[in-house]
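Worksheet: one structure, shown below.
Basis for what follows: all heavy atoms, side chains included, without hydrogens, waters or symmetry-related copies. Note that ligands are numbered from 1 as they come in the structure, with each ligand's atoms numbered from 1 the same way.
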Amino acid sequence: MEMRFVSTGSYLPEQVVDNDFLSRIVDTSDEWISSRTGIRQRRVVTAGEGTACMAAKAATKAITRAGIDPQDIDLILVATMSPDNYLPNTACEVQAEIGAVNAVCYDLSAACTGFIYALNTAYAFIKAGIYKTVLIIGSEVLSKMLDWNDRSTCVLFGDGAGAAIVQATDIGLFESILGSDGKRKDALTCASRYIVNPLVSKAISLSDKESLDYVRMEGQEVFKFVVKTIPGTIQQVIEKAGCTKEEIRYYVLHQANQRILESVAKKLKEPIEKFPMNLDKYGNTSSASIPILLDKMNKKNKLNRGDKIILSGFGGGLTWGTTLIEW
Ligand code: ACO
């Protein structure tokens, strides 16, 4: 069995936060942010909006567009590093909301590579003949994990959700390279709750931090890691598939930073026009960025059956994944 994309959907919160707003709360400027990152604005949830509700809205659009019955969905995978709760998982909340009563539901945490890992998990189940229809979602409320006094991180991220429905099919193309390097885990971190119980006299933070932790990033380390690792994985995946880079219609990369995408394009000697971007509007939405971008392209009829597309994600862990698909 092979796998193909059937439809996409996305949801972005209505609240727009532009660079000028940020320059009023931290020592930054539109010029600094847009020239270093390409980001001009991002969406941020309002009270009452969360990871599960955005995920369900994106999923509903994908289901409607696919014209399938939610009861036909076998598996719901939600890639997120910002779930609303420890319990239940986000996928179960989505299931309840959309009425996918026959689905098995779980979340997957791999930061900005989450959607690519989830896509590969869906492929493994479909290839093995276990499931036929899978709903994959990336959804993040990163705004709650940010220190809004830290100009080096709060300007980079945004909230949003993207979804895709994939199904078993007879003919298709799918090649991947996935990787992780836990030794470099400290490049991107956000510590969780402390251990507090009647048996410990003092709350113990695993990160040795005194107060609640927020996203911390060694920006230049992450930049170097991506530019060193991702072009090689793209070349290898294209070779594994027996294709040439001339056959690749689009490189849909995680929307972290315009300069990263330009560096990858330069290393591959491919025109930047083959690297669609929307980070100027939405910032870095982590696991949601690839499905949001796919959905925006799909809505503009930019994706045609038979198009060969590279999808590539990279981020905390460190984690990375590059997949070649045929639309
Ligand atoms: N506004 C103004 N000045 C700033 C800001 C800001 N928002 N942020 C940092 N600065 C200052 C720093 O304080 C520093 O000042 P100093 O020289 O007086 O010490 C100066 O700008 C340079 O700081 P750097 O961190 O060296 O800036 P750099 O050129 O590396 O740009 C950036 C930072 C944009 C984060 C860059 O490193 C980058 O793009 N890294 C990749 C990070 C990324 O994309 N992460 C996401 C991928 S992984 C994931 O998605 C989870």
Side-chain angles (χ1 to χ4, degrees), residues 17-42 79-82 108-117 138-160 162 179-182 184-191 213-231 233 252-266 275 277-280 282-293 311-322:
V17 172
D18 64 15
N19 292 345
D20 287 335
F21 176 86
L22 292 177
S23 69
R24 293 197 289 276
I25 59 171
V26 287
D27 182 11
T28 190
S29 64
D30 176 48
E31 201 282 326
W32 194 97
I33 301 169
S34 54
S35 64
R36 302 271 178 138
T37 69
I39 298 166
R40 294 188 176 277
Q41 50 181 234
R42 70 285 296 141
T80 186
M81 61 173 179
S82 53
L108 190 154
S109 172
C112 309
T113 318
F115 184 80
I116 299 296
Y117 278 12
S139 185
E140 305 283 7
V141 177
L142 302 175
S143 55
K144 71 183 176 191
M145 294 165 61
L146 297 173
D147 177 352
W148 289 87
N149 296 311
D150 174 9
R151 66 179 182 175
S152 70
T153 51
C154 77
V155 303
L156 301 176
F157 298 96
D159 300 335
S180 309
D181 182 0
R184 289 194 277 172
K185 61 184 168 46
D186 293 335
L188 258 160
T189 59
C190 181
D213 201 14
Y214 297 99
V215 168
R216 287 165 206 281
M217 183 176 68
E218 294 168 20
Q220 291 188 5
E221 285 310 304
V222 176
F223 198 109
K224 279 188 256 171
F225 143 69
V226 178
V227 174
K228 209 170 157 197
T229 310
I230 294 304
T233 65
V252 177
L253 268 54
H254 167 48
Q255 301 288 290
N257 181 314
Q258 185 174 329
R259 286 194 306 156
I260 287 183
L261 302 193
E262 286 167 354
S263 300
V264 172
K266 201 169 160 199
F275 292 72
M277 290 184 216
N278 60 7
L279 54 85
D280 57 326
Y282 306 130
N284 177 347
T285 55
S286 191
S287 70
S289 85
I290 292 174
I292 290 172
L293 182 54
L311 307 175
S312 186
F314 39 82
L318 297 175
T319 55
W320 61 94
T322 297

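For residues 25-39, the pairs satisfying salt bridge (charged side-chain N to carboxylate O under 4.0 Å, His left out) are Asp27-Arg151, Asp30-Arg40, with sequence neighbours left out.
Panel note: side chain Asp280, backbone Ile39; no donor-acceptor pair is recorded below 3.5 Å. In this structure, Ser287 contributes its side chain and Ala79 its backbone to a donor-acceptor pair below 3.5 Å. Side-chain N or O atoms of Gln255 include none that pairs as donor or acceptor with a backbone N or O of Ser289 at under 3.5 Å.
Glu140 and Thr285 share no donor-acceptor pair across their side chains, judged by distance under 3.5 Å alone.
Residues with a heavy atom under 4.0 Å from ligand 1: Asp27, Thr28, Trp32, Arg36, Thr37, Cys112, Arg151, Ser152, Val155, Leu188, Met217, Gly219, Gln220, Val222, Phe223, His254, Ala256, Asn257, Arg259, Ile260, Asn284, Gly315.
Salt bridge status for Lys224 with Glu221: present, with a side-chain N to carboxylate O gap under 4.0 Å.
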